[in-house]
Amino acid sequence: MCGIVGFTGTRSAAPILLDSLKKLEYRGYDSAGLAIMDTGLIAGNKPEGTITVSKVRGRIANLCEKTCDGELLPGLTGIGHTRWATHGAPTEENAHPHLSNDGRFAVVHNGIIENYLTLREELIADGYHFESETDTEVIVHLIEMYYKGSVRDALIKTANRLSGSYALGVICSDEPGKIYAVREASPLILGIGIDENFFASDVTALVNHTRNVIYLEDGEFAELSKESIRIFDVSGQVIHKKTKRIMWDVQAAEKGGYEHFMLKEIMEQPGAVKATIAPRIKNGKVEFDELTDLIPYLPGIRKIIITACGSAYYAGCAGKYALEKLCKIPVEVQLASELRYSDPLIDEETLVIVISQSGETADTIAAMKECKARGAKTLAIVNVVGSSVATISDFTVYTWAGPEIAVATTKGYTTQIAVLYMIALYIGDSLGRIDGDYGKMVETIQALPRRIQQAIDMNPGIPAFAKKYHESKALFFIGRNTDYAVALEGALKMKEISYLHAEAYAAGELKHGTIALIEEHQPVIALCCNPSIMEKTLSNIVEVKSRGAEVLALTFRSNQKILSVADDLLFIPKVDALFSAVIEIVPLQLLAYHVAKENGCDIDKPKNLAKSVTVE
Ligand code: G6P
């Protein structure tokens, strides 16, 4: 997904911007570029204010090479971009920054301009010449068209013409030393330094330089020079906003000795789940200070809808069982991209739980807005403080997973499920509907971090299984009930990072079609961690084995029946199945990781995938 950075100060801008762009690489991108303004104060041989653009296809490393690590672009002010193609192929022409025809403005943009075709026709009729196929280029020509000596006015007039989502970074050669930022439905954060200021679409690009930030909100504009930051609204009125301090450790955003971010993040799960759970358990009770205002609405709730995308959706599938069992409220889990267009039966009696690691997924935001418009109360489970989902929802519960860099989520997913378990206990208890042993359930939740660590330690054989299975044509994951929910995420992890065809099936459905695909040596990964349905899954294992399948079963060490039929085994410690998904997924994450490693894949940045999907 696209990334934006901007810098103005007394140091050479290009190397700083290149470094910040590298921090955004994890978001996924296909091209990159810089626009640097010569301030005439350092060894540039162009007039003050001249904007020079350099763009490449592919990695930031290519941009570093092309610009000699930024040395070929002298100047103290600039903007940079990583692009993930939407409108127009990933070419150098389509890469940002885009220049105005008179060379006075350069623009970088995240998001999508929905009315760009109409604007493009209008601008062409007015004599503007287009160099790219992007929706972004209309922005820079509009700015040129509206510019009558005030960049601020030109930006406001331009923004009034745009529909869609945009975070913009803009420089103007008439104003050396200034960078402008505009936000509408796409994240943008200002970084405050000493004698220098920054902006970026993601805090990870800023933390090397400053921890003092201002989050721009929709409809806000910012004008940054090395000594000041001015923020204004669509009417040009100056706004005063609070500075926030980023507490993330720089080290936490780096690999910390592991070969890949994904492995580091898998290993961080005991800590991440503990950080998420611990502050919410007080004197043996689950307490959510952030949800006290939800309590009065709970008796009127007739239905819970969970909506999300990708792994967050699968976290919802896994959490549904605990919510239904403990709250006695029917729960539906719906993909946000489907829900938003489904004219859903949602009203004031519905509680909508929205799950998103990034808090910026376009479909998730749209689904949430749709539900709010129909009167539902929205409760968001989010990992990024101040993100759009967190801002829009009525109630927000943060997962404390820390920054997640690998595109394929791991600790994001497990902390989301941990929160769902606790919300189930919290709502169920508030409504007086829990019929099991509440105290024991809280103890089970408190033990989850330890159990995750055990699941990591119990499976030293995973690299060997990866060697055995990595050349398979396909991998089938089967399970029932809570095991099926985990199988869905297990298969997704496998296909995302190893590019093997992996599918999850509810084990009982095998005989309705999928069994036709079972042949000699077909690997089947069978999840058998739910005792209530184990015998049934066992029959399915026998069915596939009798057709030649090789079964890798995931179960407890004491499960003699499974041990005797499976070819290979993955283990988890024994945990109440209602709360075991966060443990079960861990060996499957490790299996996917090692298979991907065997296949020589780019594990942290899988092809075609983006960490944060901020367009539809
Ligand atoms: C992308 C990521 C997935 C993630 C999904 C939803 O597809 O690659 O890992 O599960 O988006 O993202 P969210 O930030 O809303 O959880």
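Atom set for the values below is all heavy atoms of this structure, side chains included, hydrogens, waters and symmetry mates excluded. Whatever order the structure lists them in is the order used to number ligands and atoms, beginning at 1.
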Distance (rounded to the nearest 0.5 Å) between Lys605 NZ and His260 NE2: 9.5 Å

Spatial distance of atom CZ (Arg451) from atom CD (Gln454) [nearest 0.5 Å]: 5.0 Å

Lys369, NZ: over 12 other non-hydrogen atoms inside 6.0 angstrom: no

Flag if over 12 foreign heavy atoms under 6.0 Å of NZ, Lys55: yes

Lys325 NZ: over 12 foreign heavy atoms closer than 6.0 Å: no

side-chain contact (heavy atoms from CB on, under 4.5 Å) involving Thr514 - partner list, sequence neighbours excluded: Tyr505, Leu510, Leu517

Amino acids contacting ligand 1, non-hydrogen cut-off under 4.0 Å: Cys309, Gly310, Ser311, Ala312, Ser356, Gln357, Ser358, Thr361, Val407, Thr409, Ala610, Lys611, Val613

